[in-house]
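Read through the structure below, which is laid out as structure tokens, and then see the notes.
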Amino acid sequence: MQSWRRKSLWLALSASWLLVLLRVFPLLRLAVPTRPWAGAPQGWPRWLDAELLPHFSQPGELPKDDLQPPRGPRGGSCDWGSCFDVSKCRGGRLKVFVQPVAGPISDAHRGILASIESSRYHSVSPDEACLLLGLEAPAGECSPVPPQWNGGRNHLVLSLHPAFCPQTFQLGQAMVAKAGPTVDTFRPGFDVALPLLPEAHPLRGGAPGQLGQHSPHPGVPLLALAEERGGWRTAGADSSACPWDGRCEQDRGPEQTHPGATLPNATFCLIPGHGPDALHFLQALQAGCIPVLLSPRWELPFSEVIDWTKAAIVADERLLFQVLTALQEMPPTRVLALRQQTQFLWDAYFSSVEKVIHTTLEIIQDRIFGASAHPSLLWNSPPGALLALPTFSTSPLDFPFYHLQRGSRPTGRFSALIWVGDPGQPPLNLIQAVAGSQHCAQILVLWSSEKPPPLRWPKTAVPLTVLAGQRKASDRFLPHTAISTDAILSLDAHSSLTTSEVDFAFVVWQSFPERMVGFLTWSHFWDEARGGWGYTAERANEFSMVLTSAAFYHRYYHTLLTHSLPEALRTLADEAPTCADILMNFLVAAVTKLPPIKVPYGRQHLEARPPLTPGGPESQPPAQDCINQMAAEFGSMPLVSSRLRLDPVLFKDPVSVLRKKYRSLEKP
Amino acid sequence: MASVAWSSTRWHSCSGTMEWEEEAACVIMCASVKYNIRGPALIPRMKTKHRIYYVTLFSIVLLGLIATGMFQFWPHSIESSSDWNVEKRSVRDVPVVRLPADSPIPERGDLSCRMHTCFDVYRCGFNPKNKIKVYIYSLKKYVDDSGVPVSNTISREYNELLTAISDSDYYTDDINRACLFVPSIDVLNQNTLRIKETAQALAQLSRWDRGTNHLLFNMLPGGPPDYNTALDVPRDSPRRYFLLSSQMAVHPEYREDLEALQAKHGESVLVLDKCTNLSEGVLSVHKRCREHQVFDYPQVLQEAIFCVVLRGARLGQAVLSDVLRAGCVPVVIADSYILPFSEVLDWKRASVVVPEEKMSDVYGILQSIPQRQIEEMQRQARWFWEAYFQSIKAIALATLQIISDRIYPYAALSYEEWNDPPTVKWSSVSNPLFLPLIPPQSQGFTAIVLTYDRVESLFRVITEVSKVPSLSKLLVVWNNQNKNPPEDSLWPKIRVPLKVVRTAENKLSNRFFPYDEIETEAVLAIDDDIIMLTSDELQFGYEVWREFPDRLVGYPGRLHLWDHEMNKWKYESEWTNEVSMVLTGAAFYHKYFNYLYTYKMPGDIKNWVDAHMNCEDIAMNFLVANVTGKAVIKVTPRKKFKCPECTAIDGLSLDQTHMVERSECINKFASVFGTMPLKVVEHRADPVLYKDDFPEKLKSFPNIGSL
């Protein structure tokens with residue numbers, strides 16, 4: 001009994017030991033690393049002697065090759081450093097001389113010439129110019145070797161249309177600005193890729209982008225496909241799985257074929273990468289249809305400066321189905337951003353021949369500028385590089401447009417710029433009112449009268465400087481170096497403002513630094529009877545201009561007006577003082593695409609007539625006309641109407657006046 | 001497991017419930033109880049002896065149990081740690097591959113290769129993460145016919161690089177799923193390579209196929225990076241030299257040019273050269289000389305504002321990375337040199353490129369750069385170094401990211417993501433509606449009325465809103481699950497389509513859902529008790545929204561204030577001179593913000609709002625201000641609104657709790673957003689002729705502000 005029990009106990013004991021050992025042993029075996037388990041993810045090994053490995057090169061190890069002489073092998077290819085003589089551009093300024101063409105020239109050609117002549121780069125003498133521009137004859141007539149060819153050095157051969165004439169002379173060191181150049185012949189950083197323009201592309205102004213709204217309309221099909229014949233075929237979101245001709249016969253139902261001229265109405269536009277489809281690209285851009293380029297064989301227009309990843313998708317045609325899936329799944333945020341960028345780019349660089357040419361020259365100017373060229377941000381966000389001059393500043397913070405992107409604010413003070421014309425009465429009350437503002441940094445008096453300025457000026461809390469003007473209306477818009485703040489309060493001697501009004505208007509301007517904030521307004525209208533534009537100073541329910549006799553705006557607009565506008569426009573402003581106001585409003589509206597802002601103004605009797613024109617606009621036909629001349633020069637009517645006025649939050653509310661910050665605005 | 005089951009059934013039979021930890025002690029007690037029952041005769045002799053047996057037996061079983069249990073749980077953690085699945089061996093043990101002298105040599109690289117001609121994208125199929133998959137060949141040692149190694153097996157840097165790839169999201173160990181292949185043959189340094197044999201070694205890789213989809217890393221020949229901590233601290237002290245050249249192997253013609261610069265501009269230009277008279281044991285690579293003056297390299301780079309990177313034996317220069325690290329702005333004088341990662345990095349922001357022909361003018365060119373731009377460039381140069389060149393890992397990952405972006409262009413990183421330093425990224429706002437665009441008036445707006453059961457009031461709101469000329473559709477969000485909406489025939493007859501959406505749950509966020517029924521860009525959110533807004537006021541509100549489509553345009557305005565006593569934010573609904581929020585009980589906004597509210601609201605704000613049944617409007621104000629960086633627009637004068645603050649029956653106390661709740665919301669949201677995005681403004685929008693001395697009947701919006 002006892003032995004049986006003992007035996008059974010031993011048995012149990014050994015059995016449990018056995019079990020324990022059986023369980024534990026394989027685990028113990030694993031604890032000793034031998035080799036990795038099959039199937040487990042296998043990374044790059046952690047070498048035991050990783051710390052002992054030799055470095056890839058020894059300290060002080062020098063290249064074995066011989067020292068190369070300066071200026072490496074050049075071969076047939078040119079680059080900016082070796083084939084363009086920058087020293088010819090005096091002061092780093094690009095000056096362009098257009099090579100005269102023998103024989104008759106076409107209208108398009110004449111238009112191009114005119115747009116170059118109106119640009120700030122034009123030069124009348126080939127000796128002064130550092131870029132000689134040769135225009136390709138669009139008719140295919142091949143020009144002989146131009147004079148002063150010099151191997152093509154410092155030449156730009158501009159060819160807007162794809163019928164590139166077979167070269168009778170070697171292009172050599174000449175830069176080629178060509179529509180849709182093939183990737184293989186394009187010399188990056190030297191040649192300029194142009195967009196392929198349709199025959200009837202407008203010379204100036206140009207049609208605005210077609211996008212009327214930010215987000216895609218819900219009913220709009222997802223895809224439009226560029227067709228061989230030049231038209232577009234739209235496909236619904238569902239049929240996108242079979243996008244290409246021939247492969248999806250059964251899905252023809254919801255699709256529609258559009259004739260060549262119409263713009264595609266879809267969210268994405270699929271464009272095959274072969275040559276002729278470059279035309280589709282521009283159509284899609286204008287329509288706000290996001291271009292999806294499938295392995296384009298041509299260089300994208302202005303690819304040197306434009307970041308196309310923000311407006312288009314360049315995908316591999318071999319991964320078509322993958323691309324389509326990605327398009328369907330693209331988050332709305334991205335679609336929204338891409339769509340808006342297409343419209344911005346279209347409007348800034350492509351909508352007219354003039355813009356294309358100016359952009360080309362601006363790119364070359366940027367190369368000459370080197371370090372002081374446009375930063376990428378200026379090229380790729382509104383209002384675009386043609387309207388943001390690097391000569392003003394290379395730092396985006398100095399412009400009124402980029403504060404949001406850079407997380408900054410405009411400076412918190414303003415400079416009052418008082419223009420004193422005849423009869424030369426020092427605006428003492430106005431100076432006191434303006435100097436009383438806590439935001440005022442300085443007062444500048446621009447003395448433009450025949451009478452000499454008085455020697456003594458009233459004592460003010462802020463510095464007062466008298467500048468001598470040249471007695472021209474456009475004087476007041478010169479970029480005076482004395483202006484030290486971002487904001488300018490532009491005033492006339494006979495303007496009358498209270499400190500409260502100035503304070504409130506400046507606080508509003510800080511929220512809208514890119515716009516004009518003014519007190520007195522005009523509005524423009526289309527005059528059917530005269531078949532032209534007109535404007536009125538009468539009070540109305542909407543307005544589109546504010547008078548510069550009392551307005552806040554950013555000092556950048558002085559530089560822009562002086563340096564970017566054609567001479568003709570500035571002369572126009574000098575002839576009739578009212579035109580100066582219209583010109584400034586045109587310019588700001590063309591840049592911002594937004595209306596100016598009106599703030600409340602106490603003395604309403606003054607609103608009845610514009611202070612700058614003694615007889616009122618009706619009695620001044622030239623002024624009425626200057627709005628039309630300007631519209632012609634700008635190529636379109638940039639003014640935008642607004643129906644609102646910004647008032648202080650408690651303006652005329654039924655609460656105690658003591659609660660109100662701007663209580664003097666309430667006085668009748 | 002068998003042993004566990006056996007022992008537990010056996011011993012558990014004697015006792016009821018017991019804690020696992022106390023089992024051992026308890027079992028012993030049970031055993032003794034058992035024998036006590038068996039009979040007195042046996043017990044005195046057997047007791048102690050058998051108890052020992054049993055105790056021993058049981059403890060062994062228990063030990064086994066514990067050991068088993070522990071090994072059951074341990075190995076999981078061991079498996080996941082990399083030490084277990086990765087070989088621990090030496091580089092010297094890798095298999096040797098003998099390359100016959102006549103093994104094929106791959107063709108020369110095709111210079112005309114483009115992504116779409118030479119890269120096989122079919123290997124990179126659809127990938128939900130939009131990241132390429134990279135395979136690394138296993139390490140082998142290649143020797144030629146006579147047994148002489150072709151190259152160093154692997155350098156420390158290349159090992160680091162491969163480790164970085166292997167640890168990244170790009171790595172795959174499945175050669176069939178890979179889209180990019182990285183050979184483990186180290187070609188970092190061209191100087192130590194035996195070109196022909198290395199080419200042969202590459203050619204015999206299993207997926208070589210003329211190099212398709214293979215990535216080779218070839219670094220600049222130069223000093224290995226030494227991570228000198230003293231150097232990694234940027235200095236704020238003014239830099240002594242304006243321009244510095246530190247390269248040693250410079251062509252004499254260039255050196256002449258440099259010397260001429262130094263002669264002309266004196267102290268501000270420093271041109272250094274190799275030291276000729278160094279004492280033994282001093283590494284010449286860490287010293288530079290100017291005549292007899294000795295400088296420490298690369299520390300001397302910190303003393304200069306601009307540093308020259310000149311064409312040397314090869315175009316690329318190791319000096320570039322030294323210069324970047326020192327926060328010196330590189331002046332690149334090497335025509336046709338393609339700067340590293342120039343496909344994505346905007347070098348114009350961090351360097352100055354000067355054509356070789358203009359070398360003599362370099363001083364003047366640099367002088368013309370404004371001071372602020374120089375500082376910006378210095379910051380940018382350091383940021384490039386820190387983000388993309390600091391370590392082998394950074395270089396490897398940037399390379400793979402670029403290739404990945406080429407293959408999945410629709411998911412590529414943007415210019416800003418590559419180039420903006422973190423400080424800019426934090427403070428910058430990219431407005432999703434950045435295009436200055438005034439939407440056409442013809443489009444109209446969709447009114448969304450959120451309602452629960454106030455049918456009478458709802459019908460009045462519908463009737464009032466339907467009088468607004470630009471209304472294009474009316475959407476009623478029926479938030480009451482217990483009650484059906486009234487029958488069709490009972491609804492007011494209006495001129496625009498009216499749709500009723502029934503919700504699944506009574507949640508406040510239903511108001512901001514991006515319903516498919518919304519076809520216009522403009523949305524008017526309106527409560528079912530806002531009957532006091534006139535048609536003129538609503539139409540004017542829509543006109544204002546058209547001029548500010550990226551903002552919230554609303555009627556009652558509110559303000560947030562910093563409470564200095566409590567040190568937190570406070571909600572304010574008094575008559576103030578400022579506004580920072582508008583209530584969404586009556587507000588116009590872009591429908592895109594519905595999408596953002598529903599799908600992109602940060603943190604748990606959405607659930608928090610639904611749980612508290614409050615503050616959805618404050619959340620919307622935060623969201624829009626944060627994403628656009630802009631303030632709200634309050635329209636038209638203040639009216640007495642039937643708003644939550646005003647409905648309090650027992651005036652003050654309820655009002656108080658409401659304000660406290662709203663203040664809490666602001667504090668909660670500010671902490672979730674990590675900042676206070678709301679912008680305070682002092683203006684509101686009125687019609688141009690509001691309260692002007694002008695005939696009322698000629699005004700477009702005469703009926704504004706009437707009570």
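Residue contact with chain B, scored on non-hydrogen atoms closer than 4.5 Å, involves the backbone of A:T592 exclusively. Only the side chain of A:F504 comes within less than 4.5 Å of a heavy atom in chain B; its backbone stays farther off. If you measure heavy-atom distances from B:A631 to chain A, you find no contacts under 4.5 Å at all. For chain B, the nearby parts of A:V508 are the backbone and the side chain; heavy atoms of each come within less than 4.5 Å. For B:S430, no part lies under 4.5 angstrom from a heavy atom of chain A. Looking at B:L437, both its backbone and its side chain come within 4.5 Å of chain A, counting heavy atoms on both sides. Both the backbone and the side chain of A:L404 have a heavy atom closer than 4.5 Å to some heavy atom of chain B. Contacts between A:E51 and chain B at a heavy-atom distance below 4.5 Å involve backbone atoms as well as side-chain atoms. Using a 4.5 Å cut-off between heavy atoms, A:V323 contacts chain B through both its backbone and its side chain. Only the side chain of A:P595 comes within contact range of chain B, judged by heavy atoms closer than 4.5 Å. Interface remark: A:T342 contributes no atoms to any contact with chain B (heavy atom separation under 4.5 Å). For B:T423, no part lies under 4.5 angstrom from a heavy atom of chain A.
When every heavy atom of B:S155 is checked against every heavy atom of A:L53, the shortest pair comes out as O-CD1, 4.1 Å. Taking every heavy atom of both residues into account, B:K699 and A:N541 meet most closely at CA-OD1, 3.4 Å. Between A:V649 and B:R684, the shortest heavy-atom distance links the atoms O-NH1, 2.6 Å. Residues A:Q340 and B:F434 come closest through the heavy atom pair OE1-N, 2.8 Å. Between A:H214 and B:L435, the shortest heavy-atom distance links the atoms NE2-O, 3.1 Å. The shortest non-hydrogen separation linking B:V688 to A:A540 is CG1-O, 3.7 Å.
The residues A:D49 and B:R156 are annotated as not salt-bridged, no charged nitrogen and carboxylate oxygen being separated by less than 4.0 angstrom. By the 4.0 Å N-to-carboxylate-O rule, A:E666 lies too far from B:K691 to be salt-bridged with it. A salt bridge does not link A:D85 with B:K358: every distance from a Lys NZ or Arg NE/NH1/NH2 to an Asp or Glu carboxylate oxygen is 4.0 Å or more. Salt-bridge formation is not detected for the pair A:R406/B:E416: no Lys NZ or Arg NE/NH1/NH2 atom is positioned less than 4.0 Å from an Asp or Glu carboxylate oxygen.
Across A:K593, A:K310, A:M330, the residue that shares the most heavy-atom pairs under 4.5 angstrom with chain B is A:K310. Ranked by heavy-atom pairs under 4.5 Å with chain A, the first of B:E578, B:K634, B:E543, B:R372 is B:R372. Of the listed residues (B:I136, B:T163, B:T520), the one with the most heavy-atom contacts under 4.5 Å to chain A is B:T163. The candidate from B:I154, B:D550, B:N130 with the greatest count of non-hydrogen atom pairs under 4.5 Å with chain A is B:I154. Contacts with chain A were tallied for B:A412, B:G629, B:P432; B:P432 has the most, counting heavy-atom pairs under 4.5 Å. Looking only at heavy-atom pairs under 4.5 Å with chain B, the residue among A:F651, A:F543, A:Y402, A:F344 that has the most is A:F651. Each of A:G407, A:P600, A:P375 has some count of heavy-atom pairs under 4.5 Å with chain B, and the biggest count is that of A:G407. For the set A:L594, A:I313, A:L336, the count of heavy-atom pairs under 4.5 angstrom toward chain B peaks at A:L336. Among the candidates B:P355, B:P409, B:S368, the residue making the largest number of heavy-atom pairs closer than 4.5 Å to chain A is B:P409. Here B:L139 is the residue among B:V424, B:L139, B:V352, B:V579 with the most heavy-atom pairs under 4.5 Å with chain A. The residue among A:T394, A:V507, A:D307, A:T309 with the most heavy atom pairs within less than 4.5 Å of chain B is A:T394.
Counting only distance, with no hydrogens or angles, the side chain of B:Q373 and the backbone of A:A371 share a donor-acceptor pair below 3.5 Å. Listed for the B:R638 side chain is no donor-acceptor partner under 3.5 Å among the backbone atoms of A:D653. Listed for the B:K348 side chain is a donor-acceptor partner under 3.5 Å among the backbone atoms of A:H374.
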### Task
Just do the side chain to side chain contact (heavy atoms under 4.5 Å, CB included) check on B:E376 and A:S395 with the steps written out, would you?
CA-CA 9 Å; B:E376 188 71 25; A:S395 166; over 6 Å; no

### Message
Please determine whether side chain to side chain contact (heavy atoms under 4.5 Å, CB included) holds for the pair B:N577 and A:K660, giving the CA-CA distance in whole Å, both sets of side-chain angles, and the decisive distance to 0.1 Å.
### Response
CA-CA 6 Å; B:N577 284 292; A:K660 300 183 181 178; 4.3 Å; yes

### Message
Show, in sequence, the C-alpha distance, side-chain angles and deciding distance for B:D692 and A:K652, and conclude whether the salt bridge (charged side-chain N to carboxylate O under 4.0 Å, His left out) test is met.
### Response
CA-CA 11 Å; B:D692 268 4; A:K652 300 203 173 167; 5.5 Å; no

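Within the model, atoms CD1 of B:I438 and OG of A:S642 stand 7.5 Å from one another, a figure rounded to the nearest 0.5 Å. The OH atom of B:Y690 lies 8.5 Å from the CZ atom of A:R645; values are rounded to the nearest 0.5 Å. Separation of atoms CZ (B:R92) and CG (A:L48) is listed at 9.5 Å; rounding is to 0.5 Å. In this structure, B:E682 CD and A:D503 CG are separated by 9.0 Å, a value rounded to the nearest 0.5 Å. Atom CH2 of A:W47 and atom OG1 of B:T153 lie 9.5 Å apart (nearest 0.5 Å). The line from CD1 of A:I597 to CD of B:E547 is 8.5 Å long, rounded to the nearest 0.5 Å.
For the residue pair B:Y592 / A:T333, a side-chain donor-acceptor distance below 3.5 Å is found, with atom types taken as modelled. No hydrogens or angles considered: a donor-acceptor pair under 3.5 Å links the side chains of A:W44 and B:N159.
Atom CH2 of B:W426 sits in a sparse spot, with 12 or fewer heavy atoms from other residues, nucleotides or ligands closer than 6.0 Å.
Residues B:K591 and A:S215 form a side-chain contact, since some pair of their non-hydrogen atoms from C-beta on lies under 4.5 Å apart. Between B:Y415 and A:S376 there is a side-chain heavy-atom pair separated by less than 4.5 Å.
Screening A:L646, A:L644, A:D647 for a side chain to side chain contact (heavy atoms under 4.5 Å, CB included) involving B:D686 leaves a single residue, A:D647. With respect to B:Y410, the side chain to side chain donor-acceptor pair (under 3.5 Å) criterion is satisfied by exactly one of A:R334, A:Q322, A:E329: A:Q322.
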